[in-house]
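Comments concern the structure below.
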Amino acid sequence: MKWRGQHDDKHAAANGLSRRWLLRLGLPGMAAAMTSLLGRAGRAAPDASGGFPSISAAGGAFRPGRPAGVPYGAPSPHESGVVRRWLKWMLPSRLSNASFTPLAALEGIITPNGLHFERHHAGVPDIDPATFRLRVHGLVDRPLAFSLEDLKRLPRISRTHFLECAGNGAVSWRRPQVNAVQFTHGLLSCCEWTGVRLQDVLALCGVREGAAWLLAEGADGVAYARSVPREMWDEALLVFAQNGEALRPEQGYPLRLLIPGTEGALNVKWLHRLELGDAPWLTREETARYADLQDDGRARLFTLVQEVNSVITTPSPENGLRRHGQQQISGIAWSGHGRIRAVDVSLDGGVNWRPARLEEPVLPRCLTRFRLPFAWRGEELLLQSRAVDEAGNVQPTYEENLKVKSARQVYHNNSITTWRVMPTGEVRHVRLA
Ligand SMILES: Nc1nc2c(c(=O)[nH]1)N[C@H]1C(S)=C(S)[C@@H](COP(=O)(O)O)O[C@H]1N2
Ligand SMILES: [Mo]
């Protein structure tokens, strides 16, 4: 438990003595347990030890626990605050709603299935996998209907990719309205998805000449549907598994379309119909919605790729600083254009930047975890992160973004976020003028 250059004798002695004592009693496991307890029990005030607590804070109940064999495990009851949340004022009902991933509480790059964000236009349907069929028709030689079993006979692939709603960050375009990274960026998750290639399915049906677009339709109450341009077919997967288990009902059980790096809305859930045609269908969800309104009142359609983006999750409004001394900045970066090449972090609102360390693996169209240690002495900070992707795209400031996008636009906000760290350690979402 030594912290480079800063430990006081009292704490070091207590720690060392007690460990020796336990080791002498032949209880190295307990000694290790106490050491790890020391690592997380602390709420101590800043002092020369770096705020780490003395051994008196440790305790334990070494009794038999609850028996093994819970049919499906759940998180510790002590983690009951780590949940999806939603904004009541944002959407009219629980059926047409969005719930946000608690990014501030998560580590690494994988989103646990029960915390994947949700966006439903008509609630979650219950589909029987035994009678489920995927129908493929239109400009094909052989219209076919595939059962799940049929699909699973094709070559399977697993890929880890983020999924992000185009409306992620929409609440922040005009001003910082929400003070939580869960709500500024939580329409974003990342899973290992398993499925088969769309092209393998289409090849069985025989794509006819002139087929340039494909309609993907869901089996939910609104028959949610989107048109997919041919240049995206190669990358598209029909997925049935998420982080090693069957898709969750909320994510489209038993089958969804996944086109890595594209806006969430293109990734049709409860997928049951593919129709090939020569032009886009111009459905509600690609014209009236998920289109980018411009200053002249017209809208840009099919702006499908999610741009380079990043956010610091610690510190963040949910993760304030509790004490002075050594701290770890940590966050996530992602881009629909490929891998993250670099993330820079600023403590002074974008005047000076230092490179963060990217945690392996750094995968294309996937969340990338970045980290940067720093020492805090209670000064006010303006924390920012700026990601660069392998295509050379640099995450813009709000000002830069508004030069290329309309102020009337709702979707596709990838601007740099600023967290203001107060001398109390409290963190607030702010906008730099
Ligand atoms: N069938 C169907 N597919 C859908 C939707 C829907 O409401 N119905 N919502 C879309 C939108 S807008 C997004 S952002 C993603 C959300 O996926 P998730 O709920 O798995 O996070 O699904 C997309 N696919
Ligand atoms: Mo979305």
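As the structure lists them, so they are numbered: ligands from 1, and atoms in each ligand from 1. Note that the structure is a prediction, hence the values are computed from the model and not measured.
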Requested in this report: Would you mind telling me which of Asp389, Asn309, Asn414 makes a side-chain hydrogen bond (donor to acceptor under 3.5 Å, both in side chains) with Ser335?
Outcome: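 Only match with Ser335 under side-chain hydrogen bond (donor to acceptor under 3.5 Å, both in side chains): Asp389.
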
Write out the residue and atom name of the closest protein heavy atom to [atom], then the distance separating them to 0.1 Å.
atom	value
atom 15 (C) of ligand 1	Gly264 O, 3.5 Å
atom 21 (O) of ligand 1	Phe117 O, 2.6 Å
atom 14 (S) of ligand 1	Cys165 CB, 3.4 Å
atom 9 (N) of ligand 1	Arg119 O, 3.2 Å
atom 24 (N) of ligand 1	Asn267 O, 3.1 Å
atom 17 (O) of ligand 1	Arg256 NH2, 3.1 Å
atom 1 (N) of ligand 1	Lys269 O, 3.0 Å
atom 8 (N) of ligand 1	Asp220 OD2, 2.7 Å

Show which atoms of ligand 1 fall inside a sub-4.0 Å distance from at least one heavy-atom site of [X].
X	answer
Val268	3 (N), 24 (N)
Glu250	19 (O), 20 (O)
Gln251	18 (P), 19 (O), 20 (O), 21 (O)

Once you round to the nearest 0.5 Å, how far does [atom1] of [X] lie from [atom2] of [Y]?
X	Y	atom1	atom2	result
Glu263	Tyr411	CD	OH	8.5 Å
Leu383	Trp419	CG	CH2	10.0 Å
Phe117	Arg84	CZ	CZ	10.5 Å
Asn179	His429	CG	NE2	8.0 Å
Thr417	Gln395	OG1	CD	7.0 Å

Query raised in the report: Does ligand 1 have a heavy atom under 4.0 Å from the side chain of His116, from its backbone, from both, or from neither?
Result: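 The answer is the side chain of His116.
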
Query raised in the report: Relative to the ring of His185, is the ring of Trp334 parallel (under 30°), tilted (30 to 60°) or perpendicular (over 60°)?
Result: perpendicular

Requested in this report: For the residue pair His121 and Tyr224, categorise the inter-ring angle as parallel (less than 30°), tilted (30 to 60°) or perpendicular (more than 60°).
Outcome: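 Taking Tyr224 first and then His121, their aromatic rings sit tilted (interplane angle of 30° to 60°).
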
Query - Min heavy-atom dist Arg226 to ligand 1 below 4.0 Å - result: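 No; Arg226 lies far enough from ligand 1 that no heavy-atom distance drops under 4.0 Å.
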
Report task. Using a strict cut-off of less than 4.0 Å between a Lys/Arg side-chain nitrogen and an Asp/Glu carboxylate oxygen, indicate whether Arg365 and Glu235 qualify as a salt bridge. Result -> yes

Query - Polar contact flag for His120 and ligand 1 (N/O pairs, less than 3.5 Å) - result: no

